[in-house]
Amino acid sequence: MNWTPEAYDTHFAAGLATLQKDGRYRSFAVLERICGEFPFALLHGAQGAKKVTVWCSNDYLGLGQHPAVLQAMHEALDQWGAGSGGTRNIGGTTWIHTELERELAAWHHKEAALLFNSGYASNEASLATLIKLLPGCVVFSDAKNHASMIAGMKGYPHKHIFKHNDLADLEAKLVSVEAGIPKIVACESVYSMDGTIAPLPAIAELARGYGAFTYLDEVHAVGLYGAEGAGVSQRDGAQDGFDIVEGTFGKAFGVAGGYITGSAKAIDAIRSHAPGFIFTTSLPPVLAAGALASLGIIKTAHDLRARQQRQVRRLRDKLVTAGLPVLASDSHIVPLMIGGAHCCKGVSDWLFENAAIYVQPINYPTVPVGEERLRLTPSPLHTDAMIDELVGALDYLWTQQHLPRQMVA
């Protein structure tokens, strides 16, 4: 074949056509968030902009529009300008970076912290670097770990995937490896698609018993659980059981960026060897300032967390009462199972067109084929009336379209 520019485009178009046929082609919703009116936003479409209630945001507490966060970012922008000016090693380490790292370390009861440009980057770079720093190590990864964690282990031959949250399977795999070989056990606290919560104290104890280094992703938990919002590990008294605790500013913090915390030596080793940290421009100071302000709010945001949990319970109870196929979970994530990519998108489109509700369809590769769903994330700012409106619209649609009201297999 003669690979002309046109031939490459034809090849790409064929792949895209397959995605469209399977219902897996992703169309981005163009949103315009309305500051001060969360969870409302304007959704721009072919017919212009339409005000919608957003039910799938990861801004779990609405802090992305909190006045104190906005003020901190305005002040940082006026004082320091837009960008950091370079990598952390070359002119890009500012006072606000080091202050935020100090506060994060203390929050997680660790000696040190390290900032990254996203939660994805922090996972991928940190895990890949740990594997290189521990020659011959064996990695044990939960079957439902995030794509960023999987990317950090990609291509590494010495790894075992243990069944999701299955302690017996994890131990069986740990037993199979010789005692003198270094090991890494990697898991999340809250799993973003199913909403399941890991038994962190038991995982930490088991891993420690086999001499494993422990790595915990708290991305979907920081801000929401624990006395100071430091995650499920804080809530369950397991902070000391994990050598690295990773998090993000892109969810409950309402900003953007990622980080890891751990011992001073472990963090320094990753800082010194991770290409994903070394060779990239550092987080803009304005984002670090916003994250630091969010952290200050989160530590004492007991009422926000309590209201969020109340709205989560209310939504889940009403969905169950209506006989809708909600997946049981103990977290703030409420998955409504549909199955079938075309059907899932159809439900999402109908909610937008008929009820001014925006919730993005979730399909492969985020979830397995056949487990397509709507991922609902109630916030403290979703009112009882909004919940009633959502459940009423879903109940009506399920009835009109004769959609299955039992769990999708």
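We're numbering straight along the sequence, starting at 1. What you see is a predicted model, and the numbers here were worked out from it, not measured in a lab.
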Within a reach of under 6.0 Å around [atom1] of [X], are more than 12 heavy atoms found that belong to other residues, nucleotides or ligands?
| X | atom1 | value |
| --- | --- | --- |
| Asp303 | CG | no |
| Asn89 | CG | no |
| His44 | NE2 | yes |

Do you know the tightest heavy-atom contact between [X] and [Y]?
| X | Y | result |
| --- | --- | --- |
| Cys344 | Ile362 | SG-N, 4.0 Å |
| Pro361 | Leu374 | CA-CD2, 4.0 Å |
| Val255 | Ser294 | CG2-OG, 4.1 Å |
| Gln360 | Cys56 | N-SG, 3.4 Å |
| Ala230 | Gln239 | CB-NE2, 3.8 Å |
| Asp240 | His109 | OD1-O, 4.5 Å |

In Å, rounded to the nearest 0.5 Å, how long is the span from [atom1] of [X] to [atom2] of [Y]?
| X | Y | atom1 | atom2 | result |
| --- | --- | --- | --- | --- |
| Leu397 | Leu351 | CG | CG | 6.5 Å |
| Trp55 | Leu394 | CH2 | CG | 10.0 Å |
| Ile387 | Arg316 | CD1 | CZ | 11.5 Å |
| Lys132 | Tyr156 | NZ | OH | 12.0 Å |
| Ile203 | Asn165 | CD1 | CG | 5.5 Å |
| Glu99 | Leu295 | CD | CG | 10.0 Å |

Next on the checklist: Would Val312 and Ser331 count as a side chain to side chain contact (heavy atoms under 4.5 Å, CB included) here? Give the steps.
Outcome noted: CA-CA 8 Å; Val312 169; Ser331 74; over 6 Å; no

Hey, are [X] and [Y] close enough for a salt bridge, meaning a charged N less than 4.0 Å from a carboxylate O?
| X | Y | result |
| --- | --- | --- |
| Arg405 | Asp395 | yes |
| Arg33 | Asp59 | yes |
| Asp194 | Lys144 | yes |
| Lys154 | Glu124 | no |
| Lys345 | Asp349 | yes |
| Arg235 | Glu228 | no |
| Arg271 | Asp268 | yes |
| Arg310 | Asp384 | yes |
| Arg88 | Glu101 | yes |
| Lys173 | Asp169 | yes |

Taking the side chain as C-beta and beyond, is there a heavy-atom pair between [X] and [Y] under 4.5 Å?
| X | Y | value |
| --- | --- | --- |
| Phe253 | Ile298 | yes |
| Ser282 | Thr94 | no |
| Lys50 | Leu42 | no |
| Asp9 | Phe12 | yes |
| Arg305 | Tyr225 | no |
| His146 | Val219 | no |
| Glu246 | Tyr259 | no |
| Arg373 | Pro325 | no |

Tell me if the centroids of the rings in [X] and [Y] come within less than 6.0 Å of each other.
| X | Y | value |
| --- | --- | --- |
| Phe277 | Phe116 | yes |
| Tyr191 | His220 | no |
| Phe162 | His160 | no |

Next on the checklist: Before you tell me yes or no, could you show the steps for Lys51 and Glu37 under salt bridge (charged side-chain N to carboxylate O under 4.0 Å, His left out), namely the whole-Å CA-CA distance, both residues' side-chain angles and the distance that decides it to 0.1 Å?
Outcome noted: CA-CA 11 Å; Lys51 193 171 186 179; Glu37 294 190 35; 2.8 Å; yes

Next on the checklist: Applying the side chain to side chain donor-acceptor pair (under 3.5 Å) criterion to Thr366, which one of Glu372, Arg24, Arg26, Arg375 satisfies it?
Outcome noted: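 Considering Glu372, Arg24, Arg26, Arg375, a side chain to side chain donor-acceptor pair (under 3.5 Å) with Thr366 is found only for Arg26.
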
Item to check | side chain to side chain contact (heavy atoms under 4.5 Å, CB included) between Met386 and Phe40, intermediate numbers included | outcome: CA-CA 11 Å; Met386 290 175 185; Phe40 291 118; 3.6 Å; yes

Item to check | side chain to side chain contact (heavy atoms under 4.5 Å, CB included) between Asp22 and Asn363, worked out | outcome: CA-CA 10 Å; Asp22 295 342; Asn363 55 27; over 6 Å; no

Are [X] and [Y] linked by a side-chain donor-acceptor pair shorter than 3.5 Å?
| X | Y | result |
| --- | --- | --- |
| Tyr210 | Glu171 | yes |
| Gln311 | His382 | no |
| Asn123 | Asp217 | yes |

Item to check | side-chain hydrogen bond (donor to acceptor under 3.5 Å, both in side chains) evaluation trace for Ser379 with Gln308 | outcome: CA-CA 5 Å; Ser379 77; Gln308 187 210 29; over 6 Å; no

Next on the checklist: If you apply the rule side chain to side chain contact (heavy atoms under 4.5 Å, CB included), what do you find for Tyr215 with Val139, and how did you get there?
Outcome noted: CA-CA 10 Å; Tyr215 185 101; Val139 180; over 6 Å; no

Next on the checklist: Check the orientation of Tyr60 and His332. Use parallel for under 30°, tilted for 30 to 60°, and perpendicular for over 60°.
Outcome noted: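 Tyr60 and His332: perpendicular rings.
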
Item to check | Whether His66 side chain and Ala68 backbone form a donor-acceptor pair below 3.5 Å | outcome: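 Checked: pair present.
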
